[in-house]
Amino acid sequence: AVFNDPIHGHIEMHPLLVCIIDTPQFQRLRHIKQLGGTYFVFPGASHNRFEHSIGVGYLAGSLVQELNKRQPELFISRRDILCVQIAGLCHDLGHGPFSHMFDGMFIPKVRPESKWKHEEASLAMFDHLVCENALEPVMKEHGLVLPDDLVFIKEQIAGPQNTVPLRQGWPYKGRPEEKSFLYEIVANKRNGIDVDKWDYFARDCFHLGIQNNFDYRRFLKFVRVCEVDGKKHICTRDKEVGNLYDMFHTRNCLHRRAYQHKVGNIIETMITEAFFKADPHIQIQGSGGKMFTISTAIDDMEAYTKLTDHVFEQILYSSSSELAEAREILQNITCRRLYKCVGQTQAEERVEVSQEKLLDWAGCVARSRPQNDLQNVTLQPGDFVVHIINMDWGMKEENPINNMRFYCKNDPTKAYHICKDQVSKLLPERFAEQLIRVYCKKTDERTMEAAKKNFVQWCMDRNFSKPQDGDVIAPELTPLKASWAHNNDTEDNDEEDSQGGRGWAAVNGGQEKAKTRLF
Ligand SMILES: *[C@@H]1O[C@H](CO)[C@@H](O)[C@H](O)[C@H]1NC(C)=O
Ligand SMILES: *[C@@H]1O[C@H](CO)[C@@H](O)[C@H](O)[C@H]1NC(C)=O
Ligand SMILES: *[C@@H]1O[C@H](CO)[C@@H](O)[C@H](O)[C@H]1NC(C)=O
Ligand SMILES: *[C@@H]1O[C@H](CO)[C@@H](O)[C@H](O)[C@H]1NC(C)=O
(Lines give C-alpha, C1' and ligand atoms only; values in the text may rest on other atoms or scores of the structure.)
(Ligands and ions follow the chains in the order given, each with its own letter.)
Protein backbone atom coordinates (compact mmCIF):
# COMPACT_ATOMS: atom_id res chain seq x y z
CA ALA A 1 0.00 0.00 0.00
CA VAL A 2 1.11 3.56 -0.68
CA PHE A 3 0.49 6.43 1.74
CA ASN A 4 0.75 10.02 0.52
CA ASP A 5 2.32 11.87 3.41
CA PRO A 6 2.72 15.67 3.35
CA ILE A 7 6.22 15.42 4.84
CA HIS A 8 7.85 12.41 3.18
CA GLY A 9 5.78 12.13 0.00
CA HIS A 10 4.63 8.73 -1.23
CA ILE A 11 5.49 6.04 1.30
CA GLU A 12 5.32 2.38 0.39
CA MET A 13 4.38 0.09 3.25
CA HIS A 14 5.07 -3.64 3.52
CA PRO A 15 1.81 -5.69 3.80
CA LEU A 16 2.67 -6.73 7.37
CA LEU A 17 2.96 -3.06 8.35
CA VAL A 18 -0.42 -2.37 6.78
CA CYS A 19 -1.92 -5.21 8.87
CA ILE A 20 -0.63 -3.42 11.98
CA ILE A 21 -1.92 -0.02 10.85
CA ASP A 22 -5.41 -1.37 10.07
CA THR A 23 -6.31 -2.16 13.67
CA PRO A 24 -8.39 -0.23 16.24
CA GLN A 25 -5.32 0.09 18.49
CA PHE A 26 -3.31 1.85 15.78
CA GLN A 27 -6.20 3.84 14.30
CA ARG A 28 -6.81 5.26 17.79
CA LEU A 29 -3.78 7.49 17.17
CA ARG A 30 -5.81 9.46 14.62
CA HIS A 31 -7.62 11.01 17.57
CA ILE A 32 -4.65 12.12 19.65
CA LYS A 33 -3.16 15.50 18.81
CA GLN A 34 0.59 15.32 18.35
CA LEU A 35 1.11 18.61 20.20
CA GLY A 36 -1.82 18.52 22.65
CA GLY A 37 -2.82 22.00 23.85
CA THR A 38 -0.40 23.69 21.42
CA TYR A 39 -3.16 23.44 18.78
CA PHE A 40 -5.06 26.04 20.83
CA VAL A 41 -2.21 28.47 20.14
CA PHE A 42 -0.92 27.49 16.68
CA PRO A 43 -3.90 27.02 14.37
CA GLY A 44 -1.95 24.69 12.05
CA ALA A 45 -0.85 22.26 14.75
CA SER A 46 -3.81 19.93 14.26
CA HIS A 47 -1.77 16.88 13.29
CA ASN A 48 -2.11 13.63 15.15
CA ARG A 49 0.04 10.78 16.47
CA PHE A 50 -1.19 8.60 13.58
CA GLU A 51 0.70 10.40 10.82
CA HIS A 52 3.79 10.86 12.99
CA SER A 53 3.85 7.11 13.68
CA ILE A 54 3.66 6.32 9.97
CA GLY A 55 6.47 8.81 9.37
CA VAL A 56 8.68 7.23 12.02
CA GLY A 57 8.01 3.76 10.59
CA TYR A 58 9.03 5.05 7.18
CA LEU A 59 12.20 6.82 8.39
CA ALA A 60 13.23 3.82 10.50
CA GLY A 61 13.01 1.72 7.33
CA SER A 62 14.94 4.34 5.32
CA LEU A 63 17.80 4.45 7.82
CA VAL A 64 18.18 0.70 8.23
CA GLN A 65 17.96 0.14 4.46
CA GLU A 66 20.56 2.83 3.84
CA LEU A 67 22.95 1.07 6.22
CA ASN A 68 22.23 -2.27 4.56
CA LYS A 69 22.94 -0.86 1.12
CA ARG A 70 26.19 0.83 2.12
CA GLN A 71 27.50 -1.89 4.43
CA PRO A 72 26.38 -5.37 3.36
CA GLU A 73 28.98 -6.74 5.81
CA LEU A 74 26.56 -5.84 8.62
CA PHE A 75 24.32 -8.73 7.49
CA ILE A 76 21.10 -6.80 8.08
CA SER A 77 18.28 -9.24 7.30
CA ARG A 78 14.75 -8.72 5.94
CA ARG A 79 13.60 -9.68 9.41
CA ASP A 80 15.75 -6.97 11.01
CA ILE A 81 14.34 -4.37 8.64
CA LEU A 82 10.71 -5.33 9.31
CA CYS A 83 11.24 -5.33 13.08
CA VAL A 84 12.85 -1.87 12.99
CA GLN A 85 9.94 -0.57 10.88
CA ILE A 86 7.36 -2.09 13.25
CA ALA A 87 9.12 -0.52 16.25
CA GLY A 88 9.01 2.86 14.48
CA LEU A 89 5.31 2.48 13.72
CA CYS A 90 4.40 1.36 17.23
CA HIS A 91 6.67 3.47 19.45
CA ASP A 92 3.87 5.92 20.34
CA LEU A 93 0.92 3.50 20.66
CA GLY A 94 0.72 4.28 24.38
CA HIS A 95 0.16 8.02 24.20
CA GLY A 96 -2.97 9.27 25.95
CA PRO A 97 -5.29 12.24 25.33
CA PHE A 98 -3.34 15.36 24.29
CA SER A 99 -0.10 13.36 24.18
CA HIS A 100 2.42 14.72 26.70
CA MET A 101 -0.29 16.45 28.70
CA PHE A 102 -1.48 13.00 29.72
CA ASP A 103 1.78 11.48 30.98
CA GLY A 104 3.39 14.80 31.93
CA MET A 105 0.53 16.53 33.77
CA PHE A 106 -2.63 14.46 34.19
CA ILE A 107 -1.27 11.15 35.51
CA PRO A 108 1.22 12.88 37.90
CA LYS A 109 -1.69 14.95 39.27
CA VAL A 110 -4.18 12.11 39.71
CA ARG A 111 -1.74 9.32 40.56
CA PRO A 112 1.29 11.13 42.01
CA GLU A 113 2.85 7.87 43.21
CA SER A 114 2.84 6.45 39.67
CA LYS A 115 5.97 6.56 37.54
CA TRP A 116 3.92 5.69 34.45
CA LYS A 117 5.16 6.95 31.08
CA HIS A 118 3.62 6.47 27.66
CA GLU A 119 6.44 4.11 26.54
CA GLU A 120 5.23 1.59 29.09
CA ALA A 121 1.74 1.74 27.62
CA SER A 122 3.22 1.45 24.11
CA LEU A 123 4.51 -2.01 25.04
CA ALA A 124 1.25 -3.08 26.65
CA MET A 125 -0.74 -1.72 23.72
CA PHE A 126 1.56 -3.44 21.22
CA ASP A 127 1.01 -6.83 22.92
CA HIS A 128 -2.72 -6.12 23.00
CA LEU A 129 -2.72 -5.16 19.30
CA VAL A 130 -0.89 -8.33 18.27
CA CYS A 131 -3.14 -10.52 20.39
CA GLU A 132 -6.53 -8.94 19.60
CA ASN A 133 -5.90 -8.97 15.86
CA ALA A 134 -4.31 -12.42 15.80
CA LEU A 135 -1.19 -11.06 14.13
CA GLU A 136 1.28 -13.69 15.34
CA PRO A 137 0.54 -16.08 12.46
CA VAL A 138 0.71 -13.15 10.00
CA MET A 139 4.09 -12.16 11.40
CA LYS A 140 5.37 -15.72 11.06
CA GLU A 141 4.13 -15.84 7.47
CA HIS A 142 6.30 -12.83 6.73
CA GLY A 143 9.35 -14.48 8.21
CA LEU A 144 9.45 -13.10 11.73
CA VAL A 145 10.63 -15.44 14.47
CA LEU A 146 8.50 -15.32 17.59
CA PRO A 147 8.80 -14.52 20.41
CA ASP A 148 12.36 -13.18 19.80
CA ASP A 149 11.27 -10.57 17.29
CA LEU A 150 8.46 -9.31 19.53
CA VAL A 151 11.04 -8.87 22.29
CA PHE A 152 13.36 -7.06 19.86
CA ILE A 153 10.57 -4.69 18.79
CA LYS A 154 9.69 -3.85 22.39
CA GLU A 155 13.32 -3.32 23.39
CA GLN A 156 13.70 -0.78 20.59
CA ILE A 157 10.75 1.18 21.97
CA ALA A 158 11.47 1.10 25.70
CA GLY A 159 15.02 -0.18 26.23
CA PRO A 160 16.16 -3.43 27.87
CA GLN A 161 13.30 -5.40 29.39
CA ASN A 162 15.26 -7.29 32.05
CA THR A 163 13.42 -7.37 35.30
CA VAL A 164 16.71 -8.22 37.01
CA PRO A 165 19.24 -5.69 35.74
CA LEU A 166 22.41 -7.29 34.39
CA ARG A 167 25.41 -5.60 35.92
CA GLN A 168 27.73 -6.30 33.03
CA GLY A 169 27.47 -7.10 29.40
CA TRP A 170 24.87 -6.88 26.70
CA PRO A 171 21.47 -6.03 28.23
CA TYR A 172 19.28 -6.84 25.20
CA LYS A 173 17.71 -10.18 24.32
CA GLY A 174 16.13 -9.65 20.90
CA ARG A 175 19.38 -9.18 18.98
CA PRO A 176 22.99 -10.04 19.79
CA GLU A 177 25.67 -7.45 20.47
CA GLU A 178 26.90 -7.65 16.83
CA LYS A 179 23.69 -5.85 15.90
CA SER A 180 23.82 -3.23 18.66
CA PHE A 181 23.41 -0.42 16.11
CA LEU A 182 19.83 -1.57 15.39
CA TYR A 183 18.87 -0.28 18.84
CA GLU A 184 19.97 3.26 17.87
CA ILE A 185 17.40 3.87 15.14
CA VAL A 186 13.93 4.35 16.68
CA ALA A 187 14.75 5.61 20.18
CA ASN A 188 18.46 6.23 20.62
CA LYS A 189 19.18 6.03 24.35
CA ARG A 190 22.87 6.92 23.81
CA ASN A 191 22.51 10.37 22.31
CA GLY A 192 18.91 10.99 21.31
CA ILE A 193 19.75 11.25 17.61
CA ASP A 194 17.00 9.06 16.15
CA VAL A 195 14.31 8.93 13.49
CA ASP A 196 11.56 9.83 15.97
CA LYS A 197 13.12 13.32 16.26
CA TRP A 198 13.69 13.62 12.53
CA ASP A 199 10.01 13.04 11.87
CA TYR A 200 8.65 15.33 14.55
CA PHE A 201 11.05 18.14 13.64
CA ALA A 202 9.93 18.07 10.04
CA ARG A 203 6.25 17.45 10.78
CA ASP A 204 5.83 19.83 13.71
CA CYS A 205 7.69 22.65 11.91
CA PHE A 206 5.50 22.14 8.84
CA HIS A 207 2.31 22.41 10.89
CA LEU A 208 3.53 25.14 13.25
CA GLY A 209 4.80 27.37 10.46
CA ILE A 210 8.36 27.36 11.84
CA GLN A 211 11.45 26.73 9.70
CA ASN A 212 13.25 23.43 10.21
CA ASN A 213 16.99 23.65 9.68
CA PHE A 214 17.78 19.96 10.15
CA ASP A 215 17.88 17.91 6.94
CA TYR A 216 17.66 14.20 7.73
CA ARG A 217 18.16 13.37 4.04
CA ARG A 218 21.65 14.78 4.29
CA PHE A 219 22.27 12.85 7.50
CA LEU A 220 21.25 9.64 5.71
CA LYS A 221 24.00 10.24 3.11
CA PHE A 222 26.71 10.13 5.78
CA VAL A 223 25.57 7.49 8.31
CA ARG A 224 27.82 4.50 8.82
CA VAL A 225 28.14 1.82 11.42
CA CYS A 226 31.62 1.87 12.96
CA GLU A 227 33.15 -0.16 15.74
CA VAL A 228 33.76 1.82 18.93
CA ASP A 229 35.38 -0.04 21.86
CA GLY A 230 34.26 -3.33 20.38
CA LYS A 231 30.64 -2.23 19.89
CA LYS A 232 28.95 -1.25 16.65
CA HIS A 233 27.42 2.21 16.71
CA ILE A 234 25.77 4.50 14.21
CA CYS A 235 28.25 7.24 13.37
CA THR A 236 28.46 10.15 10.97
CA ARG A 237 31.11 12.12 9.07
CA ASP A 238 33.24 14.55 11.05
CA LYS A 239 32.12 17.56 9.02
CA GLU A 240 28.48 16.89 10.02
CA VAL A 241 29.11 17.64 13.70
CA GLY A 242 28.03 21.27 13.29
CA ASN A 243 24.72 20.13 11.83
CA LEU A 244 24.12 17.98 14.89
CA TYR A 245 24.62 21.01 17.15
CA ASP A 246 22.12 22.79 14.93
CA MET A 247 19.72 19.86 15.33
CA PHE A 248 19.68 20.19 19.11
CA HIS A 249 19.46 23.95 18.80
CA THR A 250 16.37 23.48 16.60
CA ARG A 251 14.89 21.17 19.18
CA ASN A 252 15.41 23.80 21.86
CA CYS A 253 13.82 26.49 19.67
CA LEU A 254 10.77 24.30 19.14
CA HIS A 255 10.43 23.86 22.89
CA ARG A 256 10.77 27.57 23.54
CA ARG A 257 8.50 28.77 20.80
CA ALA A 258 5.88 26.03 20.65
CA TYR A 259 5.99 23.04 22.99
CA GLN A 260 6.47 25.19 26.10
CA HIS A 261 4.43 28.13 24.90
CA LYS A 262 3.03 30.06 27.87
CA VAL A 263 -0.55 29.93 26.67
CA GLY A 264 -0.36 26.36 25.32
CA ASN A 265 0.96 25.16 28.66
CA ILE A 266 -1.73 26.84 30.75
CA ILE A 267 -4.45 25.48 28.47
CA GLU A 268 -3.07 21.99 29.10
CA THR A 269 -3.17 22.74 32.83
CA MET A 270 -6.81 23.75 32.54
CA ILE A 271 -7.69 20.65 30.51
CA THR A 272 -5.88 18.60 33.16
CA GLU A 273 -7.98 20.24 35.89
CA ALA A 274 -11.16 19.50 33.94
CA PHE A 275 -10.13 15.84 33.44
CA PHE A 276 -9.22 15.62 37.13
CA LYS A 277 -12.68 16.86 38.15
CA ALA A 278 -14.41 14.63 35.60
CA ASP A 279 -12.31 11.54 36.30
CA PRO A 280 -14.60 9.73 38.78
CA HIS A 281 -17.62 10.31 36.52
CA ILE A 282 -16.26 9.08 33.19
CA GLN A 283 -16.85 5.36 32.69
CA ILE A 284 -14.96 3.37 30.06
CA GLN A 285 -15.66 -0.32 29.62
CA GLY A 286 -12.58 -2.52 29.55
CA SER A 287 -11.78 -6.21 29.50
CA GLY A 288 -14.33 -8.59 30.99
CA GLY A 289 -16.91 -5.79 31.19
CA LYS A 290 -15.00 -4.08 33.97
CA MET A 291 -15.35 -0.29 34.17
CA PHE A 292 -12.42 2.14 34.22
CA THR A 293 -11.97 5.91 34.45
CA ILE A 294 -9.66 8.30 32.58
CA SER A 295 -6.90 7.69 35.10
CA THR A 296 -7.33 3.94 35.53
CA ALA A 297 -7.72 3.10 31.84
CA ILE A 298 -3.90 2.95 31.64
CA ASP A 299 -4.18 -0.38 33.49
CA ASP A 300 -6.40 -2.02 30.88
CA MET A 301 -5.58 -1.79 27.19
CA GLU A 302 -9.13 -2.58 26.09
CA ALA A 303 -10.35 0.49 28.00
CA TYR A 304 -7.32 2.55 26.97
CA THR A 305 -8.04 1.84 23.29
CA LYS A 306 -11.23 3.88 23.78
CA LEU A 307 -9.53 6.80 25.53
CA THR A 308 -8.51 9.62 23.19
CA ASP A 309 -8.84 13.41 22.90
CA HIS A 310 -12.57 12.83 22.47
CA VAL A 311 -13.08 12.96 26.27
CA PHE A 312 -12.64 16.71 25.86
CA GLU A 313 -15.82 16.90 23.77
CA GLN A 314 -17.50 14.23 25.87
CA ILE A 315 -17.17 16.54 28.89
CA LEU A 316 -17.80 19.77 26.97
CA TYR A 317 -21.07 18.46 25.48
CA SER A 318 -22.24 16.63 28.60
CA SER A 319 -25.29 17.68 30.58
CA SER A 320 -24.96 15.85 33.88
CA SER A 321 -24.56 17.95 37.00
CA GLU A 322 -21.59 15.81 38.14
CA LEU A 323 -19.60 17.13 35.22
CA ALA A 324 -20.71 20.76 35.65
CA GLU A 325 -17.44 22.08 37.01
CA ALA A 326 -15.24 20.21 34.52
CA ARG A 327 -17.54 21.34 31.72
CA GLU A 328 -17.28 24.96 32.81
CA ILE A 329 -13.47 24.84 32.68
CA LEU A 330 -13.62 23.54 29.11
CA GLN A 331 -16.22 26.16 28.20
CA ASN A 332 -13.85 28.76 29.59
CA ILE A 333 -11.08 27.41 27.34
CA THR A 334 -13.41 27.51 24.36
CA CYS A 335 -14.24 31.16 25.05
CA ARG A 336 -10.62 31.86 25.90
CA ARG A 337 -11.17 32.81 29.48
CA LEU A 338 -7.74 31.57 30.42
CA TYR A 339 -5.54 31.81 33.48
CA LYS A 340 -2.97 34.52 32.86
CA CYS A 341 0.79 34.39 33.11
CA VAL A 342 2.07 36.58 35.93
CA GLY A 343 5.73 36.19 35.13
CA GLN A 344 8.68 33.96 34.43
CA THR A 345 11.97 33.57 36.23
CA GLN A 346 14.91 31.22 36.68
CA ALA A 347 16.54 29.70 39.74
CA GLU A 348 20.28 29.71 40.36
CA GLU A 349 20.31 26.00 41.22
CA ARG A 350 18.36 23.18 39.67
CA VAL A 351 15.18 22.40 41.63
CA GLU A 352 13.50 19.03 41.92
CA VAL A 353 9.97 19.12 40.55
CA SER A 354 7.14 17.50 42.49
CA GLN A 355 3.42 18.08 42.91
CA GLU A 356 4.03 19.22 46.53
CA LYS A 357 6.70 21.71 45.48
CA LEU A 358 4.36 23.28 42.92
CA LEU A 359 1.56 23.64 45.47
CA ASP A 360 3.94 24.90 48.14
CA TRP A 361 5.31 27.57 45.80
CA ALA A 362 1.81 28.67 44.77
CA GLY A 363 1.18 29.31 48.48
CA CYS A 364 4.48 31.21 48.82
CA VAL A 365 3.62 33.51 45.92
CA ALA A 366 0.20 34.21 47.45
CA ARG A 367 1.85 35.17 50.74
CA SER A 368 4.63 37.31 49.18
CA ARG A 369 2.73 40.55 49.59
CA PRO A 370 5.21 43.45 49.27
CA GLN A 371 5.37 45.71 52.36
CA ASN A 372 3.76 49.15 52.05
CA ASP A 373 1.30 47.82 49.50
CA LEU A 374 -1.83 49.90 49.41
CA GLN A 375 -3.97 47.63 47.25
CA ASN A 376 -6.52 45.70 49.24
CA VAL A 377 -6.51 42.61 47.07
CA THR A 378 -6.43 39.29 48.91
CA LEU A 379 -4.64 36.52 47.11
CA GLN A 380 -5.13 32.85 47.97
CA PRO A 381 -2.75 29.93 47.28
CA GLY A 382 -5.45 28.42 45.06
CA ASP A 383 -5.35 31.50 42.82
CA PHE A 384 -1.88 30.57 41.57
CA VAL A 385 -0.46 27.88 39.33
CA VAL A 386 3.30 27.29 39.24
CA HIS A 387 5.09 25.52 36.38
CA ILE A 388 8.71 24.39 36.47
CA ILE A 389 9.86 23.56 32.96
CA ASN A 390 13.02 21.58 32.29
CA MET A 391 14.69 22.71 29.08
CA ASP A 392 17.63 20.60 28.02
CA TRP A 393 19.20 18.75 25.14
CA GLY A 394 17.53 15.52 26.14
CA MET A 395 20.20 14.24 28.54
CA LYS A 396 19.88 16.47 31.65
CA GLU A 397 23.11 18.49 32.08
CA GLU A 398 25.00 16.42 29.52
CA ASN A 399 25.96 17.30 25.97
CA PRO A 400 24.42 14.47 23.89
CA ILE A 401 26.93 15.01 21.08
CA ASN A 402 29.67 13.77 23.42
CA ASN A 403 28.04 10.37 22.96
CA MET A 404 28.20 10.53 19.16
CA ARG A 405 31.16 9.18 17.23
CA PHE A 406 32.51 10.47 13.91
CA TYR A 407 34.63 9.11 11.08
CA CYS A 408 36.75 10.99 8.60
CA LYS A 409 37.32 10.55 4.91
CA ASN A 410 40.74 8.96 5.31
CA ASP A 411 39.49 5.95 7.23
CA PRO A 412 35.71 5.44 7.45
CA THR A 413 36.19 2.46 9.76
CA LYS A 414 37.76 4.46 12.61
CA ALA A 415 35.33 6.41 14.78
CA TYR A 416 36.35 9.04 17.27
CA HIS A 417 34.98 11.66 19.60
CA ILE A 418 34.87 15.35 18.66
CA CYS A 419 34.63 17.75 21.56
CA LYS A 420 32.68 20.97 21.53
CA ASP A 421 35.75 23.21 21.51
CA GLN A 422 36.91 21.55 18.32
CA VAL A 423 33.67 22.62 16.65
CA SER A 424 33.07 26.27 17.53
CA LYS A 425 33.45 28.76 20.32
CA LEU A 426 29.84 29.87 19.89
CA LEU A 427 28.21 26.76 21.34
CA PRO A 428 26.38 26.42 24.68
CA GLU A 429 28.28 26.23 27.95
CA ARG A 430 25.37 24.49 29.59
CA PHE A 431 22.86 21.98 28.28
CA ALA A 432 20.03 22.31 30.75
CA GLU A 433 18.06 25.09 32.36
CA GLN A 434 14.75 25.46 34.13
CA LEU A 435 12.04 28.03 33.61
CA ILE A 436 9.74 28.89 36.48
CA ARG A 437 6.39 30.34 35.46
CA VAL A 438 3.55 31.58 37.61
CA TYR A 439 -0.03 32.00 36.44
CA CYS A 440 -3.03 33.56 38.15
CA LYS A 441 -6.55 32.16 37.86
CA LYS A 442 -8.22 35.50 38.60
CA THR A 443 -7.65 37.77 35.68
CA ASP A 444 -9.27 41.09 36.57
CA GLU A 445 -6.91 44.03 36.30
CA ARG A 446 -6.54 44.74 40.03
CA THR A 447 -5.82 41.12 40.91
CA MET A 448 -3.32 40.76 38.07
CA GLU A 449 -1.49 43.89 39.14
CA ALA A 450 -1.26 42.69 42.72
CA ALA A 451 -0.30 39.17 41.63
CA LYS A 452 2.55 40.50 39.51
CA LYS A 453 3.93 42.48 42.42
CA ASN A 454 3.74 39.41 44.63
CA PHE A 455 5.62 37.51 41.97
CA VAL A 456 8.43 40.08 41.81
CA GLN A 457 8.66 40.10 45.61
CA TRP A 458 8.80 36.29 45.66
CA CYS A 459 11.60 36.25 43.06
CA MET A 460 13.53 38.73 45.21
CA ASP A 461 13.10 36.67 48.39
CA ARG A 462 14.09 33.48 46.59
CA ASN A 463 17.10 34.97 44.78
CA PHE A 464 15.59 34.05 41.41
CA SER A 465 16.43 36.05 38.30
CA LYS A 466 14.74 39.41 37.78
CA PRO A 467 11.56 38.97 35.71
CA GLN A 468 12.12 40.54 32.30
CA ASP A 469 9.35 43.09 32.84
CA GLY A 470 10.23 43.53 36.55
CA ASP A 471 11.22 47.21 36.27
CA VAL A 472 7.90 48.00 34.61
CA ILE A 473 5.46 46.03 36.76
CA ALA A 474 7.16 46.73 40.10
CA PRO A 475 9.53 49.71 39.71
CA GLU A 476 9.29 50.40 43.45
CA LEU A 477 10.58 46.89 44.30
CA THR A 478 13.34 45.91 41.87
CA PRO A 479 15.90 48.57 42.97
CA LEU A 480 15.76 47.07 46.48
CA LYS A 481 17.53 43.93 45.32
CA ALA A 482 21.27 44.60 45.10
CA SER A 483 22.09 41.60 42.92
CA TRP A 484 19.54 42.79 40.35
CA ALA A 485 21.13 46.21 40.12
CA HIS A 486 23.75 45.69 37.43
CA ASN A 487 22.06 44.86 34.26
CA ASN A 488 24.91 45.31 31.79
CA ASP A 489 25.04 42.96 28.83
CA THR A 490 28.15 44.28 27.17
CA GLU A 491 30.47 44.02 30.14
CA ASP A 492 29.37 40.58 31.19
CA ASN A 493 31.87 37.85 30.59
CA ASP A 494 31.52 35.82 27.42
CA GLU A 495 30.47 32.75 29.37
CA GLU A 496 27.08 34.30 29.89
CA ASP A 497 26.85 35.20 26.22
CA SER A 498 27.57 31.72 24.97
CA GLN A 499 24.87 30.21 27.19
CA GLY A 500 22.27 31.61 24.91
CA GLY A 501 20.61 33.29 27.87
CA ARG A 502 20.43 36.56 25.98
CA GLY A 503 19.22 34.80 22.89
CA TRP A 504 16.30 33.46 24.86
CA ALA A 505 15.41 36.97 26.01
CA ALA A 506 15.57 38.25 22.47
CA VAL A 507 13.55 35.44 20.98
CA ASN A 508 11.03 35.60 23.76
CA GLY A 509 10.61 39.29 23.11
CA GLY A 510 9.90 38.47 19.49
CA GLN A 511 7.44 35.81 20.60
CA GLU A 512 5.50 38.29 22.68
CA LYS A 513 4.91 40.41 19.63
CA ALA A 514 4.02 37.47 17.47
CA LYS A 515 1.73 35.93 20.06
CA THR A 516 -1.28 38.05 19.35
CA ARG A 517 -1.10 36.87 15.75
CA LEU A 518 -0.90 33.23 16.62
CA PHE A 519 -4.40 32.63 17.87
C1 LIG B 1 -14.80 30.29 34.23
O2 LIG B 1 -14.44 31.62 33.99
C3 LIG B 1 -15.14 32.57 34.80
C4 LIG B 1 -14.75 33.95 34.33
O5 LIG B 1 -13.36 34.07 34.26
C6 LIG B 1 -14.79 32.33 36.26
O7 LIG B 1 -15.48 33.22 37.10
C8 LIG B 1 -15.16 30.89 36.61
O9 LIG B 1 -14.76 30.61 37.93
C10 LIG B 1 -14.49 29.92 35.67
N11 LIG B 1 -14.97 28.58 35.96
C12 LIG B 1 -14.18 27.60 36.40
C13 LIG B 1 -14.85 26.32 36.73
O14 LIG B 1 -12.99 27.73 36.55
C1 LIG C 1 -7.31 49.87 51.29
O2 LIG C 1 -7.84 49.95 52.59
C3 LIG C 1 -7.35 51.07 53.34
C4 LIG C 1 -7.90 50.98 54.76
O5 LIG C 1 -8.85 50.00 54.93
C6 LIG C 1 -7.76 52.36 52.64
O7 LIG C 1 -7.25 53.47 53.36
C8 LIG C 1 -7.18 52.34 51.24
O9 LIG C 1 -7.62 53.48 50.52
C10 LIG C 1 -7.61 51.09 50.46
N11 LIG C 1 -6.94 51.07 49.20
C12 LIG C 1 -7.55 50.86 48.02
C13 LIG C 1 -6.69 50.88 46.80
O14 LIG C 1 -8.74 50.64 47.95
C1 LIG D 1 19.45 34.90 48.98
O2 LIG D 1 20.76 35.43 48.97
C3 LIG D 1 21.14 36.03 50.16
C4 LIG D 1 22.50 36.70 49.95
O5 LIG D 1 23.34 35.94 49.17
C6 LIG D 1 21.16 34.99 51.28
O7 LIG D 1 21.53 35.57 52.51
C8 LIG D 1 19.77 34.37 51.40
O9 LIG D 1 19.77 33.32 52.35
C10 LIG D 1 19.32 33.83 50.06
N11 LIG D 1 17.92 33.40 50.18
C12 LIG D 1 17.49 32.21 49.75
C13 LIG D 1 16.02 31.92 49.92
O14 LIG D 1 18.21 31.38 49.24
C1 LIG E 1 28.69 45.50 35.04
O2 LIG E 1 28.61 44.34 35.85
C3 LIG E 1 29.78 44.02 36.57
C4 LIG E 1 29.54 42.75 37.35
O5 LIG E 1 28.96 41.77 36.58
C6 LIG E 1 30.18 45.18 37.48
O7 LIG E 1 31.39 44.88 38.13
C8 LIG E 1 30.33 46.46 36.66
O9 LIG E 1 30.61 47.55 37.51
C10 LIG E 1 29.06 46.74 35.86
N11 LIG E 1 29.22 47.91 34.99
C12 LIG E 1 28.33 48.90 34.88
C13 LIG E 1 28.65 49.98 33.91
O14 LIG E 1 27.31 48.92 35.52
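In what follows, every heavy atom counts, from backbone to side chain, and hydrogens, waters and symmetry copies are set aside. Start at 1 and go down the list; that is how both ligands and their atoms are numbered. This is a predicted model, so every value here is computed, not measured.
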Proximal protein residues to ligand 3, non-hydrogen atoms under 4.0 angstrom: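 Those residues closer than 4.0 Å to ligand 3 by some heavy atom are D461, N463.
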Nearest-0.5 Å distance, CG of residue L330 to CD of residue E325: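 Answer for the CG-CD pair, L330 versus E325, is 11.5 Å.
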Pairwise distance CG(N399) to CH2(W393) - rounded to 0.5 angstrom: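 Going from CG on N399 over to CH2 on W393, the span is 6.5 Å.
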Salt-bridge test for [X] and [Y]: reply yes if a basic N is under 4.0 Å from a carboxylate O, no otherwise.
X	Y	value
R190	E184	yes
D392	K396	no
K115	E120	no

Pairs where residues 286-296 contributes a residue and the test side-chain hydrogen bond (donor to acceptor under 3.5 Å, both in side chains) is met, not counting sequence neighbours: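 Qualifying pairs: D279-T293, D279-S295, S287-D300, T293-S295, T293-T296.
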E328: numbered ligand 1 atoms lying under 4.0 Å from its heavy atoms: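 That gives atoms 1 (C), 8 (C), 10 (C), 11 (N), 12 (C), 13 (C) of ligand 1.
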Ligand-side contact atoms (ligand 1) for residue partner N332, heavy atom cut-off under 4.0 Å: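 Here the atoms of ligand 1 in question are 1 (C), 2 (O), 3 (C), 8 (C), 10 (C), 11 (N), 12 (C), 14 (O).
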Candidates K340, K442, R367, K441 - the one meeting salt bridge (Lys or Arg N to Asp or Glu O under 4.0 Å) with D383: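 With D383 as partner, salt bridge (Lys or Arg N to Asp or Glu O under 4.0 Å) holds for just one option, K442.
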